[in-house]
Amino acid sequence: MPSLFVPYTGERMAEVGVMGEAVRVFRELPDGARIEGVCAPAFAGVLDVFAENFAARGEVGASVAITIGGETVVDLWGGVADPATGRPWERDTISIVFSNTKAATALCAHILAERGTLDLDAPLGLYWPAFRDARRAAITTRMVLGHTAGLPVLRGELKPGAFFDWDYMIARLEREEPFWEPGTRTGYHPLNFGWLVGEVVRRVASRTLGEFFRETVAAPLGLDFWIGLPESEEGRVAPIILHEPSPDDPPTRFTDAVRDVPSSIPALYVANARTWRPDGLNTRAAHAAEIGAAGGITNARGLAGMYRPLANGGAIGGHRVVGPDMLRGMTEIVSATHDDATLRVAARFGSGFMRSMETVGVAGGSVVLSPDAFGHAGAGGSLGFADPAVRMSLGYTMNRMGFGVLLNERGQALADAAYRALGYHRVPGYWMA
């Protein structure tokens, strides 16, 4: 593989070779940090945007990876993993990817459905007796996957360390009243999603969610992706840097609800999350916990690798994750709204996956992809998705969280650059071929 040393000048990487001939990259950043990895010349625009994120958008440490037809065309990392020590972001650095974990958890449920051991449209109570009561008997696993089950948050205080205690969270959910008649409204389940779907996986597979994901997805695909990080991997984790609210942050319906309506779903979500953040977020206990909605730990290579088979009909390298029929079912839109009860923006969901959704005029309130793409955004801006039309998978992870409930300009700019490299053009709400 040829080497190409490119100091950061804002200029494009030299156009040599073809898409599949990835060129080794070394770029120095203005602060003395660096970007390393490989990038096919056709995707030089992604490298430019990745560097611009550091130079102009406050990126601290990050990684981005893209595959086309199963082949890696971008695998870049750079910046600082831990500002407190100056530890650089290396090839094997990993970090919390927040709600990108939901896609991994959803994939586990779909694998069980394909095996015939889980019926996604059967009442949840078939597998979980506590949900057989009249208030919640209509809830199905697909309703949870599509964020219509009516259990987006928990009322009342949670004990310290609640998110690290699976049994405690399950007991709390078993007592929770739905916020609306199940199936009649869309409201993102930011944290409860993981315990609701994860407990079904645990009951059906007789293994914890993290064990099942590792055995059926991560290990067969060779992914450095964990739901419940082993202590042996702890030294590679980049601590998360929380977004500090600023007077310059634009107001949104979500932030207004948090500030003005303490009983609102957005405010309750923030109250629930306080038991985890900020003190517990970068602890060993947080990394070890199986938080199936928001606690997954990986890097861009791991995210792109999980979506790699899903961008190629459900199988890659002789390993079938799901079949074509299941793949179609898991990505079909099952809920959509102009006003998500939690996020307070427009939202469109498949069974556990986000579809392209743009909210005009709301900073950090969109994820704009092609009509064929499906994936997920994570709090602070991380992103993973598959686009079967061009057999592309993309992953982006970082340690500094940005503003907004969905993507901020760093992750969206990388997705935009990938689509531009493929000859797509932007229309309202989508990238189109």
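Quick note: numbers below take in every heavy atom, side chains included, and nothing from hydrogens, waters or symmetry partners.
Taking 4.0 Å as the cut-off between side-chain N and carboxylate O, Asp92 and Arg301 do not count as a salt-bridged pair. Residues Arg259 and Asp256 are paired through a salt bridge, judged by an N-O separation under 4.0 Å between the basic side chain and the carboxylate. Between Glu199 and Arg203 there is a salt bridge, with a side-chain nitrogen of the basic residue lying less than 4.0 Å from a carboxylate oxygen of the acidic one. Classification of Arg57 and Glu52 as a salt-bridged pair holds, one side-chain N sitting under 4.0 Å from a carboxylate O. Using a cutoff of 4.0 Å between basic side-chain nitrogens and carboxylate oxygens, Arg214 and Glu211 are not scored as salt-bridged. Salt bridge absent: Arg348 and Glu358 never bring a charged side-chain N and a carboxylate O closer than 4.0 Å.
For the pair Arg344 and Phe254, the cation does not sit on the ring face, since its NZ or CZ is not both under 6.0 Å from the ring centre and inside 45° of the axis. Cation-pi check for Arg155 over Phe179 is met; the charged atom lies under 6.0 angstrom from the ring centroid and within 45 degrees of its normal.
At least one donor-acceptor pair closer than 3.5 Å links the side chain of Arg355 to the backbone N or O of Thr331. Although no hydrogens or angles enter the test, the distance criterion places a donor-acceptor pair under 3.5 Å between the side chain of Asn312 and the main chain of Arg308. Looking at Thr359, its side chain does come within 3.5 Å of a backbone N or O of Ala346 through a donor-acceptor pair. Not one N or O on the side chain of Trp180 forms a donor-acceptor pair closer than 3.5 Å with the backbone of Ala341. The backbone N or O of Asp119 sits less than 3.5 Å from a side-chain atom of Tyr127, completing a donor-acceptor pair. In this structure, the side chain of Glu290 engages the main chain of Gly210 through a donor-acceptor pair within 3.5 Å. Between the side chain of His189 and the main chain of Gly187, a donor-acceptor pair closer than 3.5 Å is present. In this structure, Asp121 contributes its side chain and Arg142 its backbone to no donor-acceptor pair below 3.5 Å. With hydrogens and angles ignored, the 3.5 Å screen pairs a side-chain donor or acceptor of Ser370 with a backbone N or O of Asp372. Not a single donor-acceptor pair under 3.5 Å links the side chain of Asp75 to the backbone N or O of Gly37.
Within 6.0 Å of CD on Glu174 lie more than 12 heavy atoms contributed by other residues, nucleotides or ligands. Atom CD of Glu233 has more than 12 heavy atoms from other residues, nucleotides or ligands within 6.0 Å. For NE2 of His425, the number of neighbouring non-hydrogen atoms (other residues, nucleotides, ligands) closer than 6.0 Å is greater than 12. Within 6.0 Å of CD in Glu234 there are more than 12 heavy atoms belonging to other residues, nucleotides or ligands.
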Handout entry: Worked verdict on Arg400 versus Glu59 for salt bridge (charged side-chain N to carboxylate O under 4.0 Å, His left out)
Key = CA-CA 7 Å; Arg400 187 188 73 81; Glu59 195 78 274; 5.5 Å; no

Problem - Step-by-step side chain to side chain contact (heavy atoms under 4.5 Å, CB included) determination, Thr101 to Ile227 - result: CA-CA 8 Å; Thr101 318; Ile227 305 175; 4.0 Å; yes

Practice task
List the steps and the verdict of side chain to side chain donor-acceptor pair (under 3.5 Å) for Tyr188 and Ser99.
Solution key: CA-CA 11 Å; Tyr188 187 59; Ser99 287; 2.8 Å; yes

Practice task
Start with the C-alpha gap between Trp195 and Tyr168, add the side-chain angles, then the distance that decides, and say whether ring-ring contact (aromatic ring centres under 6.0 Å, His included) holds.
Solution key: CA-CA 10 Å; Trp195 291 292; Tyr168 172 83; 9.6 Å; no

Problem - His243 vs Asp249, side chain to side chain donor-acceptor pair (under 3.5 Å): CA-CA, chis, key distance, verdict - result: CA-CA 11 Å; His243 173 73; Asp249 288 344; 3.0 Å; yes

Handout entry: Lys102 vs Thr105, side chain to side chain donor-acceptor pair (under 3.5 Å): CA-CA, chis, key distance, verdict
Key = CA-CA 5 Å; Lys102 289 183 177 69; Thr105 297; over 6 Å; no

Exercise for the section: In sequence, state the C-alpha distance, the side-chain angles, and the governing distance for Tyr424 and Arg420, and then conclude on side chain to side chain donor-acceptor pair (under 3.5 Å). Expected result: CA-CA 5 Å; Tyr424 276 53; Arg420 282 194 296 269; over 6 Å; no

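With rounding to the nearest 0.5 Å, the separation of CG in Leu310 from CD1 in Ile316 is 10.0 Å.
With Ser382 as reference, Asn100 is the one residue of Thr397, Thr298, Asn100, Asn399 to meet the side-chain hydrogen bond (donor to acceptor under 3.5 Å, both in side chains) rule. Residue Leu76 forms a side chain to side chain contact (heavy atoms under 4.5 Å, CB included) with just one option from Leu414, Val64, Ile66, and that option is Val64.
There is no side-chain donor-acceptor pair under 3.5 Å between Asn408 and Gln412. Side-chain atoms of Trp77 and Asn299 form no donor-acceptor pair, as typed in the model, at a separation below 3.5 Å.
Nearest heavy atom pair, residue Ser356 against residue Leu369, reads OG-N, 2.9 Å. Taking every heavy atom of both residues into account, Ala103 and Phe353 meet most closely at CB-CE2, 3.6 Å. Contact record, Leu343 with Asp340: N-OD1, 2.8 Å, taken as the closest heavy-atom pair. Of all non-hydrogen atoms in Ser393 and Thr67, the two that sit nearest each other are OG-OG1, 2.6 Å. Here the shortest heavy-atom pairing between Phe213 and Ala104 reads CE1-CB, 3.6 Å. Of all heavy-atom pairs between Leu221 and Pro309, the closest is CD1-CG, 3.9 Å.
Taking the side chain as every heavy atom from C-beta outward, Val367 and Phe385 never approach each other to under 4.5 Å. At least one side-chain heavy atom of Arg172 sits less than 4.5 Å from a side-chain heavy atom of Leu158. Side-chain atoms of Cys39 and Val74, non-hydrogen and from C-beta on, do get closer than 4.5 Å to each other. Looking at Leu173 and Asn192, their side chains come closer than 4.5 Å, going by heavy atoms from C-beta outward.
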